[in-house]
Each structure stands twice: as structure tokens, then as C-alpha cells.
Q: 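Sharing a structure with you now.
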Amino acid sequence: MWLRLFLVFIGSAWLVISNPAAAGIAILQYHHIGDDTPRVTSVTAVELETHLAYLVEQDFTVLSLTEAAAYLAESRPLPERTAAITFDDGWRNVYTEGLELFKKYQLPFTIFVNPELMRETPHLYMTWDQLRELQDYGATIANHSNSHGHMTWRQEDETEAEWLARQRADVVDAQAEIEAELGEQPKLFAYPYGEYNPELEAMLAEEGYIAFGQHSGPWGEYTPLTAVPRFPAAAQYANLATLQTKLLSLPLPITEVEPQSMVLEHETKFPELAVSLAHSDDLAPAQLNCFAGGEVVEPVWVGLTFTMQTPQPVPIGRSRVNCTVPSKSKSGRFYWFSQPFIRPDSNGRWPD
Ligand SMILES: [Zn+2]
């Protein structure tokens, strides 16, 4: 009996020591490839190639989103350096500027498309034939809704149930069209503008989707499958020095976040954030730093929960709070967490 207890103890101690800081998947998020498209959502082909070459040279395992989900579902330890690549909207330039790079690097990637927009303004978007061709070079074609609206917005004459039914149809119809063109596809969804609320998350879970946002952070075992973060990799985020920190970041083991919805009341200028963590020997709470609107914010800890309040009023529209804390065991690597906020104007709306 004592021997058995001793072996159990040794076994679990070994597990804890062997995997003190579980790695996650850093998902890169792109839109346009080009130098004549809006810079804020663009990488040039040269920048994209720099990123792809870096991933290969630095021994990153680049997974498709489906492979990444399988690792987490089966609790298989992820390779120390794991990344995934995504493109939103299906812009035509992803084909024209990217095709040669996709052929050269042979890495998996996902393109989230809006079938309704492809029909309405075809010259802006890839054709189904182009998407089919990219499938031969590693692309998974996934769902970005039919119409790319602000999904949380309710129309004035709409009940809550009618609003949710409209959003469900926007997702389900888009998937039906994607599958009519390309055959059965994995149920992967990227929220337009990265905007969602608990009702949309519940609907997507019911429909069997894994859903991706636009707040930053790696995807780990504690990440809700209806709010998977991604790192924007365009514009000022495209340089390798900052991207490197993100690609090597570790998922913070978060068990609960308040508020549950990213959409605040218009009146809430100084939102308070409360984040609860699972116990980890690999991070020192005192070293946790949060950043809001370019300022460092000191969090307040009670047990395994920290709270913080934004020091400046949050602007109308989307903003984020980022928190990082160094890993003790993996030198130079940081746990990373981001909380998205949206503050509506007095009419409950905000800009794109
Ligand atoms: Zn989009």
C-alpha cells in the first residue's frame, strides 16, 4: 500500500515536473497580402515570406486548426513551438500575392470566407476555383459568416430570439454554400471584427463550431472553444521582433473571466476585469503586468484571482487589455492573456 502510494506520488510529481508550462498554439491572423491595400490589415508578400521562413528556420510545428484542436481534445502535449496561420475575408490578393509562397512553404493555413460578399462583389474576393486550388497547397476554407456584419447588433424591431435566429442562419447558410462548393469542411468560424457575446458563443457551440476571435494570446487547454484568440500579424505587428514574443507566448491557465461579455454598457467607461487562474508553480503573480490604452496597470490579487480597472476611459468601439507574466521554467517566454472590450455609443453602435 505505501509502495503504491509512493509510486503514485512519484508518477504525479514526474508529470508536474515534466510539463511545468504547457505550450499553446500561437495563431497568426492576416487579411490582405499587398502594398496597395489598407496598411492596418495588410502584410506585404515580403513580410509574409519573412514570417513563413522564420517559422521554418526556428523549428515551429505549424498545424492546421483541426490538427491543433485534436491535440487539445486528446490532451496530447503540444510541441514547444507551435503555430497556425489564418487569413480572414478571402481577399483576391491572398491568391495573387500568396500562391507562390504557399507553394514554396507547403504549410497548412486557413482562409475564413464570406460567401455572400463573394457573390456581391466578386472582383474583391477569391473565386471558388482559386480557393479550390489553394486547398492543394495547404488551405482549409472556413466560415466567416455570410454577410460580415456586427453579429451582436440587434435590429430595432427584432426580439432577442429573432436576432439569434438571424445570426444562426448567417452562419449555417455560409457553411452550406462553402460545403456545396468544396465538399464537407471542418466547422471552424471566425467572428467578423472579432465581436461576440455569450449568446453567440452558445449558438456556435450548439452548431458544433470552434470559433476564433481577434484578441491576442495563444490557444491552450483552458481556452474556451468559442473564443479562441489569434495574434494580428499585419502592419505594426508584422515585425519579427514583436511577433517572436507572441509566437513563443504561453497560454495563461484561466478558469474564469468577468465580465463574461466583451460588449460593455455605453456608460461603462472604466471597466473592471476579474481573472481567475488555476494554480501554477511556473508563474509568480507579483510579476504579472497588464497594459490598457498604452499604460501599465497594477493588478490586485486575492488568492488566484486578479482584478484590474482601466486607468483611462475606454474609447467607443473595440479595445483590449493585455496581461503578461514571465514563465519561471522557460526563459524568455511569457504567459499572455488578452481581454477584448467593446464600448458602444449612446445608440448601441460602433464603427467597423
Ligand atoms: Zn473579416
Side-chain angles (χ1 to χ4, degrees), residues 27-34 36-43 48 65 84-98 109-128 130-131 134 139-153 166-175 177-178 181-182 185-197 200-201 203-204 207 209-217 219 226-238 262-263 317-320 338 340-342 349-352:
I27 309 176
L28 298 176
Q29 187 208 2
Y30 300 97
H31 291 86
H32 294 282
I33 309 173
D36 57 353
T37 43
R39 179 61 188 155
V40 65
T41 49
S42 300
V43 279
L48 180 61
L65 297 178
I85 300 166
T86 65
F87 292 87
D88 282 14
D89 308 334
W91 299 107
R92 178 70 60 101
N93 51 52
V94 170
Y95 179 86
T96 53
E97 301 289 310
F109 61 104
T110 298
I111 304 172
F112 292 99
V113 300
N114 306 93
E116 187 178 308
L117 301 189
M118 291 168 65
R119 252 181 285 120
E120 284 173 357
T121 45
H123 63 286
L124 294 177
Y125 299 101
M126 284 180 272
T127 64
W128 291 109
Q130 288 169 331
L131 292 169
L134 290 183
T140 299
I141 312 305
N143 192 334
H144 196 28
S145 83
N146 229 349
S147 60
H148 206 290
H150 293 273
M151 292 183 81
T152 62
W153 289 7
R166 179 165 61 86
Q167 298 310 328
R168 189 187 301 267
D170 206 58
V171 173
V172 171
D173 293 352
Q175 189 74 13
E177 190 160 347
I178 291 168
E181 292 287 348
L182 305 174
Q185 299 295 311
K187 286 189 164 181
L188 304 167
F189 183 79
Y191 298 103
Y193 312 106
E195 297 173 357
Y196 54 89
N197 62 18
L200 290 169
E201 291 188 73
M203 180 272 284
L204 284 157
E207 296 291 338
Y209 287 87
I210 300 175
F212 299 83
Q214 297 192 14
H215 52 299
S216 56
W219 180 10
T226 50
V228 180
R230 296 183 289 166
F231 286 108
Q236 75 268 33
Y237 303 117
M262 72 200 285
V263 185
R318 291 182 295 274
S319 59
R320 289 197 288 251
S338 172
F341 285 124
I342 301 173
R349 298 294 189 248
W350 54 87
D352 287 353

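Order of listing sets the numbers, starting from 1, for every ligand and every atom in it. None of the values given here were measured: they were computed from a predicted structure.
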Q: Counting no waters, how many protein N/O/S atoms sit under 2.8 Å from the Zn ion (ligand 1)?
A: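 Step by step: take the Zn ion (ligand 1), keep protein N, O, S below 2.8 Å, and you get 3.
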Q: Please identify each residue that fulfils salt bridge (Lys or Arg N to Asp or Glu O under 4.0 Å) with Glu116, with sequence neighbours left out.
A: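 Salt bridge (Lys or Arg N to Asp or Glu O under 4.0 Å) list for Glu116, sorted by chain: empty.
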Q: List the residues meeting ring-ring contact (aromatic ring centres under 6.0 Å, His included) with Tyr193, not counting sequence neighbours, and say none if there are none.
A: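 Here the qualifying residues are His148, His150.
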Q: Applying ring-ring contact (aromatic ring centres under 6.0 Å, His included), name anything that partners Phe87, two or more places apart in sequence or on another chain.
A: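 Phe87 satisfies ring-ring contact (aromatic ring centres under 6.0 Å, His included) with Tyr30, Phe102, Phe109 only.
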Q: Can you confirm whether the side chains of Trp91 and Asp89 place a donor and an acceptor under 3.5 Å from each other?
A: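 Yes.
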Q: How long is the gap from CD on Gln214 to CD on Glu195, to the nearest 0.5 Å?
A: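 Spacing of CD (Gln214) from CD (Glu195) equals 8.5 Å.
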Q: Is the ring pair His144/Phe112 parallel, tilted or perpendicular, if the boundaries are 30 and 60 degrees?
A: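 Answer is tilted, since the angle falls between 30° and 60°.
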